[in-house]
There are 2 protein chains.
Amino acid sequence: MHRQGRPVLAMFPVRDGSAKSVFESPLGWRQVTAFAHRGDVLGLEDLDGQAHCTSAVAMQDTHCCVVPVETARAHLLSAEYREPMRSTLRRNAERERTLLVAIGSMKAAQRLAMLLLDLAGEQRRRGNAGAALTLAMSRNDMASYLGLTLETVSRLLARFATVGLITVRQRQLRIIDPAGLCSVYEDPERVPLRPPQPVTDSPSACAPGPARLDTTQGIHAAGTSVA
Amino acid sequence: MHRQGRPVLAMFPVRDGSAKSVFESPLGWRQVTAFAHRGDVLGLEDLDGQAHCTSAVAMQDTHCCVVPVETARAHLLSAEYREPMRSTLRRNAERERTLLVAIGSMKAAQRLAMLLLDLAGEQRRRGNAGAALTLAMSRNDMASYLGLTLETVSRLLARFATVGLITVRQRQLRIIDPAGLCSVYEDPERVPLRPPQPVTDSPSACAPGPARLDTTQGIHAAGTSVA
DNA sequence: CGTTATTTTGAAGACCATCAATTACGGTGG
DNA sequence: CCACCGTAATTGATGGTCTTCAAAATAACG
């Protein structure tokens with residue numbers, strides 16, 4: 001694909017698979033700044049520079065097209081492709097800023113909920129409507145993206161699962177209660193409680209708000225059941 | 001100036017004074033994403049969109065030029081201005097990414113050191129070579145930019161001062177030991193110790209650099225003087 | 001089937017946020 | 001000039017969130 005600092009030779013629409021964008025700061029700190037799936041374009045942001053400012057790393061077997069810079073830049077001016085390309089650029093910039101704010105001022109659970117909702121949304125946007133996600137990235141990648149540690153991500157996923165928001169098994173993830181996840185994303189307080197008192201059977205412990213969580217009560221929080 | 005969401009009508013080179021760029025996330029979280037001083041250009045990043053994606057807020061009496069979009073976009077294509085403008089755009093993007101990584105994985109003291117060094121560098125870049133900085137932004141702004149609270153910023157500045165890295169009095173700041181600050185920025189461990197023992201006169205605890213701290217005390221300068 | 005990487009889970013405590021109270025500063029008006 | 005007020009900044013005490021270190025369990029791989 002492309003590496004940070006290397007000259008810009010092409011952009012790479014992802015045909016199949018998935019990749020992450022990794023940025024290495026001047027001091028050597030490394031952080032995942034974006035995830036790309038089928039339909040996303042790697043190296044798009046760097047088109048009007050000389051050198052790539054991130055590196056792309058595949059997270060699985062991934063195929064992508066290679067569009068040489070001249071062609072790509074021509075597309076940027078063409079009537080046909082200009083708008084979609086710019087729109088994508090804007091969406092990515094917006095997402096990066098949102099991520100900045102998230103890392104800067106939201107709690108870990110909120111950030112993770114954000115990521116999950118985002119991944120689900122992207123998957124929906126590209127056709128796969130099912131609520132079942134297959135995470136291509138490792139816990140470490142998620143943690144890096146969110147400014148957390150892999151342990152925290154793991155623990156939070158477990159907590160999300162025990163309160164019935166999702167089910168996880170390794171990299172198979174299913175969102176059970178999108179509205180609930182969303183309210184976790186929105187409300188700093190609504191962090192899934194750590195086992196406060198060993199509840200007997202109470203239908204999930206989401207506390208205060210109106211938060212119309214549509215009585216998804218039959219949550220058999222045993223975790224791990226989905227295929 | 002310009003407000004997030006409003007149509008892009010112009011870009012605004014800062015002639016005098018200073019401003020901050022504020023981004024408001026979809027959920028209403030607000031965060032300072034950049035500081036602009038004389039010579040910087042507000043709204044530059046939004047030139048090829050319809051709407052501004054941040055708001056600019058002056059931090060003091062500030063004058064800036066108004067370059068209408070058509071003119072600005074023309075400049076982006078002209079041989080004369082294209083390169084400097086793009087170079088600025090790249091620098092800003094790089095800085096924003098570096099900030100992301102900083103907030104995501106560096107300690108509070110490192111981030112603050114980064115900001116101070118950055119401000120000093122910018123000031124040097126625009127001529128004012130003196131080591132005396134006048135912070136235009138409030139502690140709150142710094143905190144927001146760095147993903148911290150104002151109290152933490154205040155405490156860290158105090159600690160920086162007690163170990164001889166800087167002197168601060170309100171918004172008058174002087175970097176005494178650039179090398180020491182730099183090593184704080186680079187090394188997560190080298191956080192200025194909380195007052196271990198009040199040193200009498202020992203040349204401070206900054207290790208590797210030459211660390212020539214020339215005891216500049218007694219800076220008394222009233223703020224706000226510009227027209 | 002052994003080996004390695006990834007993930008989970010636990011326990012301890014660092015770091016920073018939060019709450020609260022005090023001090024400093026700038027402006028206003030008596 | 002000084003009392004008054006509001007904003008900004010400092011400082012302290014407390015505890016929650018998250019990191020860190022460590023170990024076990026699970027999955028992936030040759």
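Naming convention: chains lettered A, B, ... in sequence-line order (proteins, then strands); numbering from 1 in each chain.
Between B:D40 and B:R125 there is a salt bridge, since at least one side-chain N of the basic residue sits less than 4.0 Å from a carboxylate O of the acidic one. Salt bridge status for A:E189 with A:K107: absent, with no side-chain N to carboxylate O gap under 4.0 Å. Salt bridge absent: A:R139 and A:E151 never bring a charged side-chain N and a carboxylate O closer than 4.0 Å.
D:dT20 atom C1' lies 14 Å from atom CG of A:L148, rounded to whole Å. Regarding A:L146, its CG atom lies at a distance of 15 Å from the C1' atom of D:dT19, rounded to whole Å. The separation between A:M142 atom CE and D:dC18 atom P is 17 Å, rounded to whole Å. Here the P atom of nucleotide D:dA8 and the CD atom of B:Q60 are 15 Å apart, to the nearest Å. Nucleotide D:dA9 holds its C1' atom 15 Å from the CD atom of B:Q172, rounded to whole Å. The distance from atom CZ of B:R159 to atom P of C:dA14 is 13 Å, rounded to the nearest whole Å. Residue B:L156 contributes atom CG, which lies 11 Å from atom P of D:dT10 at whole-angstrom precision.
A:S183 approaches A:R190 most closely through the heavy-atom pair OG-CD, 2.9 Å.
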Let's go through B:L173 and B:I166 carefully: what are the C-alpha distance in whole Å and the side-chain angles of both, what is the deciding distance for side-chain contact (heavy atoms from CB on, under 4.5 Å) to 0.1 Å, and is it a yes or a no? CA-CA 7 Å; B:L173 188 144; B:I166 62 174; 4.3 Å; yes

Quick one, A:E122 with A:R95, criterion salt bridge (charged side-chain N to carboxylate O under 4.0 Å, His left out). Give me CA distance, side-chain angles, the key distance, then yes/no. CA-CA 12 Å; A:E122 282 299 312; A:R95 176 171 299 162; 2.9 Å; yes

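Taking 4.5 Å as the limit, some side-chain heavy atom of B:R97 sits within range of a side-chain heavy atom of A:T54. Using a 4.5 Å heavy-atom cutoff, the side chains of A:S21 and A:V32 are not in contact. Side chains of B:S18 and B:Q60 form a contact here, defined as non-hydrogen atoms less than 4.5 Å apart. Looking at B:F12 and B:H2, their side chains come closer than 4.5 Å, going by heavy atoms from C-beta outward.
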Does the protein touch nucleotides 3-8 of chain C at the base, only the backbone, or not at all? Give it as B, S and - per nucleotide, heavy atoms under 4.0 Å. ---SSB

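Atom CZ of A:R6 sits in a sparse spot, with 12 or fewer heavy atoms from other residues, nucleotides or ligands closer than 6.0 Å.
Taking side-chain N and O atoms only, A:T152 has a distance below 4.0 Å to OP1 or OP2 of D:dT19.
Of the residues in residues 96-107 of chain B, B:K107 come within less than 4.0 Å of DNA chain C through at least one heavy atom, sorted by number.
For the helix from C:dC1-D:dG30 to C:dG30-D:dC1, the rotation axes defined at the first and last 5 base pairs enclose an angle of 40°, given to the nearest 10°.
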